[in-house]
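All values below come from the heavy atoms of this structure, side chains included, with hydrogens, waters and symmetry mates left out. Starting from 1, each residue takes its place in the sequence as its number.
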Amino acid sequence: MANSDTTGLSLVAVQVVYARPEAIWRKAVTLPLGATVEQALQASGFADAFPDVAARHPSVGIYGQACSTERPLADGDRVEVYRPLVFDPMESRRRRALHRQAFMIKARNRPRRRKAKLAAAARGGV
């Protein structure tokens, strides 16, 4: 629900968040109803706090859903500024698959169903 100030304008309260590897930067801002993501970034001072990131025009989203900077905001939205990927997702997936495959190889001389044979022997079978 949008708040209103003393002049009768409807306001929306939003948070702008940027997660760095070592810490999270968070700024709460109040904007007029109909404000966009771009206006929230400007009001939060994100470009002043992170000039190198702001110069690259990073991807943004609201609650994990990517959106454009022209999207209007609703009261309580969390504007998230995303970092670029460090690794290629496909390459990371290949490495994980190779890692799993390396540890799934069983020794050929290892007896199979050893526990089942021991249990049967304990019952008096086999």
Please name the pair of heavy atoms, one in [X] and one in [Y], separated by the smallest distance, quoted to 0.1 Å.
X: Pro58; Y: Val81; value: CG-CG1, 3.5 Å
X: Ala54; Y: Ala47; value: CB-CA, 3.7 Å
X: Ala40; Y: Val79; value: CB-CG2, 4.4 Å
X: Ala43; Y: Leu31; value: CB-CD2, 3.7 Å
X: Thr36; Y: Leu73; value: O-CD1, 3.5 Å
X: Gly34; Y: Pro72; value: O-CB, 4.5 Å

Return the [atom1] to [atom2] distance between [X] and [Y], rounded to the nearest 0.5 Å.
X: Gln39; Y: Gln42; atom1: CD; atom2: CD; value: 7.0 Å
X: Leu11; Y: Leu33; atom1: CG; atom2: CG; value: 8.5 Å
X: Arg20; Y: Trp25; atom1: CZ; atom2: CH2; value: 9.5 Å
X: Glu38; Y: Ser68; atom1: CD; atom2: OG; value: 10.0 Å

query: So, Asp77 side chain and Ala74 main chain: donor-acceptor pair closer than 3.5 Å or not?
result: yes
- prompt: Out of curiosity, does Tyr18 fall in the hydrophobic cluster containing Tyr63 (side-chain heavy atoms, cut-off under 4.5 Å, transitive links)?
  reply: yes
- prompt: Is there a path from Val37 to Val17 through hydrophobic residues (I, L, V, M, F, W, Y) whose side chains come within less than 4.5 Å of each other?
  reply: no
field: Residue Glu91 excluded, over 12 heavy atoms near CD under 6.0 Å
entry: yes
field: Check: Arg83 and Pro21 side chains under 4.5 Å, non-hydrogen atoms
entry: yes
field: Close side-chain approach of Ile62 and Val14, heavy atoms under 4.5 Å
entry: no
task: State, without any angle test, whether Tyr82 and Glu80 hold a side-chain donor-acceptor pair at a distance under 3.5 Å.
output: yes
